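Here is the structure we will look at, set down as structure tokens.
Model, not experiment: these values are computed from the prediction. Here, residue 1 is the first one in the sequence, and each next residue gets the next number.
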Amino acid sequence: VALDAGLLADGFQLDTGTPGTLGVSGVLSFDTAAAALQTIQAALAGGAVGQLDLVGVRHSDSAGLACVLAVAAEADRCGQTLQVINMPAGMRVLAQVCEVDRLMG
């Protein structure tokens, strides 16, 4: 099942078809991060999710990184263990530069 948030945030898509995994694809940027955050948090609240898979993210910026950090923090606050996997290289480098990479499990 793919939840296309394209109407709210051009270029962002969330795939909930794999049990326990939220698949993020498209763009996580200043233009999409707020809607992406709302969509991902709603999906997290809907059931047991263990992974946030970023394999399909083709572009991200600092707002995209902030979105991922907020999702991880929310999961932690709710007692969920959320592993961020397949982080794009650019986002990983940004997380290291900002010294927040350890916050994403």
Using the side chain to side chain contact (heavy atoms under 4.5 Å, CB included) definition, which of the options V57, T39, V84, D15 pairs with V24?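 Answer to the side chain to side chain contact (heavy atoms under 4.5 Å, CB included) test with V24 among V57, T39, V84, D15: V57.
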Reported [atom1]-to-[atom2] distance for the pair [X] and [Y], which is rounded to 0.5 angstrom:
X	Y	atom1	atom2	result
Q96	R102	CD	CZ	12.5 Å
N86	L54	CG	CG	7.5 Å
T18	D53	OG1	CG	8.0 Å
Q38	Q41	CD	CD	8.0 Å

Shortest non-hydrogen contact from [X] to [Y]?
X	Y	result
A33	G64	CB-N, 4.5 Å
A36	L28	CB-CD2, 3.6 Å
M87	R92	O-NH1, 2.8 Å
V49	A43	CG2-O, 4.3 Å

Give the intermediate values and the outcome of side chain to side chain contact (heavy atoms under 4.5 Å, CB included) for residues E74 and I40. CA-CA 10 Å; E74 178 68 18; I40 295 167; over 6 Å; no
Derivation of the side chain to side chain contact (heavy atoms under 4.5 Å, CB included) call for S60 and L65: CA-CA 7 Å; S60 65; L65 175 60; over 6 Å; no
Applying side chain to side chain contact (heavy atoms under 4.5 Å, CB included) to L82 and L44, what does each step give before you reach the verdict? CA-CA 10 Å; L82 184 69; L44 276 175; 4.3 Å; yes
Heavy-atom side-chain contact between L22 and T16 under 4.5 Å: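 Result yes, sub-4.5 Å side-chain heavy-atom pair found.
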Under a 3.5 Å distance rule, please check whether D61 uses its side chain to pair with a backbone N or O of F30 as donor and acceptor.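 Pair found, side chain donor or acceptor close to backbone of F30.
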